[in-house]
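Bear in mind the structure is a predicted one, so any value in this text is a computation, not a measurement. Within every chain, numbering begins at 1; the chains are lettered A, B, ... in the order of the sequence lines, protein sequences first and strands thereafter.
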Amino acid sequence: MQVTLEHVTHTYQPGSPFQATAIRNVNLTIRSGEFLALIGHTGCGKSTLAQHINGLLKPTEGRVLLDGQDIHQKGFNKKEVRQKVGLVFQYPEHQLFEETVAKDVGFGPKNLGLPEGEIAQRVQEALDKVGLSLPGLAEKSPFELSGGQMRRVAMAGVLAMRPEILVLDEPAAGLDPQSREDMLQLISSLHRQGTTVVMISHSMDDVARFASRAVVMEHGTVVMEGAPEEIFRHPEELERMGLDVPSVCKLGMRLRAMGIECPQDIFREEQAELALLSLWKGGAGHGAE
Amino acid sequence: MALNDITLGQYYPADSVVHRLDPRVKIVLLIVLIVAIFVAGNLLAYAPVIAFLALVTYLSKVPVKMMVKGIKPLRFILILTFVLNLFFLQGETPLLNLGFAVITKEALITAVHYSLRLVLLVMISSLLTLTTPPIVLTDGLERLLSPLRVIHFPAHEMAMMMSIALRFIPTLLEEADKIMKAQTARGADFESGNLIARAKAMVPLLVPLFVSAFRRAGDLAMAMEARCYHGGEGRTRLRVLKCERRDYIACAAVAALLALVILCGKVY
Ligand SMILES: Nc1ncnc2c1ncn2[C@@H]1O[C@H](COP(=O)(O)OP(=O)(O)O)[C@@H](O)[C@H]1O
Ligand SMILES: [Mg+2]
């Protein structure tokens with residue numbers, strides 16, 4: 001399954017004094033099975049773009065195609081888009097409302113009109129996926145849980161709809177390091193199991209670690225696109241946009257500035273580990289500590 | 001979305017004389033203008049009010065479109081006022097006989113009179129909110145009401161509550177919009193179904209909205225205490241209100257208008 005955005009422009013509150021064009025002429029194809037990272041400075045239109053992927057927002061100009069079909073054309077089943085493209089908002093725990101975790105996770109499948117038995121099965125499956133299969137937890141109030149757990153419940157609520165594409169708006173924002181790592185591992189494992197992932201992130205380390213492709217936005221337009229390796233080859237460009245490069249890249253740049261030979265294309269921790277190891281071994285021969 | 005369509009109580013930022021007027025003066029003048037509209041005894045007496053409203057709107061640089069938008073929510077009440085007066089008022093000079101009712105000249109005049117009064121009231125009031133930021137408005141209100149402290153009227157607390165409420169209206173609307181979208185992404189439907197289905201559909205919106213409002217209220221109370229807020233006693237202000245020449249001119253203009261309205265009512 002493939003979603004394509006064609007010349008998408010979105011203007012909020014058009015015709016009012018508060019009118020604001022959030023994205024301009026965006027062309028983007030989300031390929032089946034990829035892990036796409038969406039990066040850019042705050043306010044550059046990432047969330048607006050994300051809400052176009054499942055048809056929550058309608059483009060002011062341009063089209064959004066799901067397998068070649070315009071999702072805003074008359075007679076197109078919106079529920080189908082909502083089911084196929086799961087959108088996890090920023091701070092999704094703020095959307096919890098039911099008395100029990102199970103009921104909240106079951107909200108989506110219920111809206112799809114599934115039978116009770118199927119809903120219960122999907123709820124169990126989704127809770128298992130997010131690692132919340134502890135006994136008794138499903139019958140607790142979602143408001144009694146910890147922040148990280150609440151976020152995973154909200155995530156389960158989207159997974160219970162069995163989306164083929166998962167769009168995540170800053171899924172790790174505001175979590176403690178352990179919950180953060182758990183969340184990223186969860187997303188990564190969903191991707192490995194075949195879900196297409198679109199993730200908005202401010203952490204270049206996470207982008208380098210997980211993404212197969214990255215799209216950089218500035219002032220509502222796509223300015224760079226490519227594999228993370230290609231994107232991070234332009235650190236000055238990223239810095240000008242108020243963005244960053246992975247910390248490993250920065251380490252490499254510092255070492256080179258100090259006159260220490262180290263390879264250019266290092267973005268991930270494992271790569272750095274190998275490079276440093278060979279540096280250390282090479283250096284050891286000259287009697288360095 | 002309908003959430004963005006609320007003009008009444010919305011501020012229109014611009015740099016104009018009307019915007020710069022002292023909020024206390026604006027509030028008092030609004031009351032005087034409302035009185036003027038009510039004492040206007042006939043249609044002729046509305047002419048100076050309409051002219052004045054047009055002049056102030058022009059000076060304020062607020063687009064006429066924004067002013068008209070403020071009346072939109074009232075259109076049903078307006079139509080009702082007009083129609084009821086037109087059909088059910090008994091007069092002496094018949095204009096039109098519809099069989100089931102007779103429309104008289106007096107009824108027509110009264111219908112126009114009352115509808116016009118309503119429109120003018122709303123327009124003049126929205127002119128105040130369009131040209132005055134809510135915080136400045138409550139500040140002005142607090143100062144006007146502060147003499148009532150001698151009879152233990154909580155002027156400061158009222159104003160503080162109002163400004164906090166006003167400050168959070170856009171935030172809550174934004175929050176509501178976000179939650180609504182999040183639930184729609186999970187297949188929720190807020191737009192179709194009968195009344196009961198729609199009321200039920202509000203639960204996934206209202207519960208998170210209340211939770212977040214309470215969380216915000218708690219955070220705000222904490223932040224205020226952390227910055228040593230302890231009520232109005234001995235508090236100084238950032239904006240010290242002071243009447244200037246333009247304020248006196250505005251007062252004089254409105255006084256003249258009131259006199260003119262009364263005069264028109266008498267002459268006719
Ligand atoms: N509901 C809205 N109404 C009006 N303007 C909005 C709304 N949502 C976002 N914007 C504006 O659109 C721009 C892009 O916002 P957003 O997509 O949230 O950016 P990002 O997620 O990259 O931080 C911002 O300038 C923001 O102020
Ligand atoms: Mg955002």
TODO: Heavy-atom distances under 4.5 Å only: say whether Y12(B) touches chain A with side chain, backbone, both or neither.
DONE: side chain
TODO: Go through the steps to decide whether T184(B) and R82(A) satisfy the test side-chain contact (heavy atoms from CB on, under 4.5 Å), and finish with yes or no.
DONE: CA-CA 8 Å; T184(B) 311; R82(A) 305 272 146 81; 3.3 Å; yes
- [ ] Drop me the distance from R186(B)'s CZ to D104(A)'s CG, to the nearest 0.5 angstrom.
- [x] 4.5 Å
Open item on the list: Going by the rule ring pair (Phe, Tyr, Trp, His ring centres under 6.0 Å), which residues pair with F210(A) if we only count those two or more places apart in sequence or in a different chain?
Closed with: none
Open item on the list: Run V211(B) and E93(A) through side-chain contact (heavy atoms from CB on, under 4.5 Å) and show every step you take.
Closed with: CA-CA 11 Å; V211(B) 170; E93(A) 58 273 25; over 6 Å; no
Open item on the list: Check this for me: K72(B), atom NZ, are more than 12 non-hydrogen atoms of other residues, nucleotides or ligands nearer than 6.0 Å?
Closed with: no
- [ ] Return yes when atom CD of E80(A) has more than 12 non-hydrogen atoms of other residues, nucleotides or ligands closer than 6.0 Å, and no otherwise.
- [x] yes
TODO: Mark yes when over 12 heavy atoms from residues, nucleotides or ligands other than H202(A) sit less than 6.0 Å from its NE2; otherwise mark no.
DONE: yes
Open item on the list: Atom CZ of residue position R24(B) - does it have more than 12 heavy atoms of other residues, nucleotides or ligands inside 6.0 Å?
Closed with: yes
- [ ] Provide the closest heavy-atom pair for Q95(A) versus A182(B) in the form atom of the first, atom of the second, distance.
- [x] OE1-CB, 3.2 Å
TODO: For residues Q183(B) and F97(A), report the shortest heavy-atom separation together with the two atoms involved.
DONE: NE2-CD2, 3.5 Å
TODO: Determine whether more than 12 heavy atoms belonging to other residues, nucleotides or ligands lie under 6.0 Å from atom CD of E225(B).
DONE: no
Open item on the list: If I measure from the heavy atoms of chain B, does E98(A) come under 4.5 Å with its side chain, its backbone, both, or neither?
Closed with: neither
Task: Gap between atom NZ of K178(B) and atom CZ of F89(A) - 0.5 Å precision - done: 9.0 Å
Open item on the list: A quick test of your reading: do over 12 heavy atoms of other residues, nucleotides or ligands sit less than 6.0 Å from OH of Y229(B)?
Closed with: yes
Task: Crowding at OH, Y114(B) (>12 non-hydrogen neighbours, <6.0 Å) - done: no
TODO: Please check if atom CZ in F210(B) has more than 12 non-hydrogen atoms from other residues, nucleotides or ligands closer than 6.0 Å.
DONE: no
Task: Interface residues of residues 105-116 of chain A facing chain B - heavy atom cut-off under 4.5 Å - done: F107(A), G108(A), N111(A)
Task: D189(B) and K78(A) ion-paired at < 4.0 Å - done: no
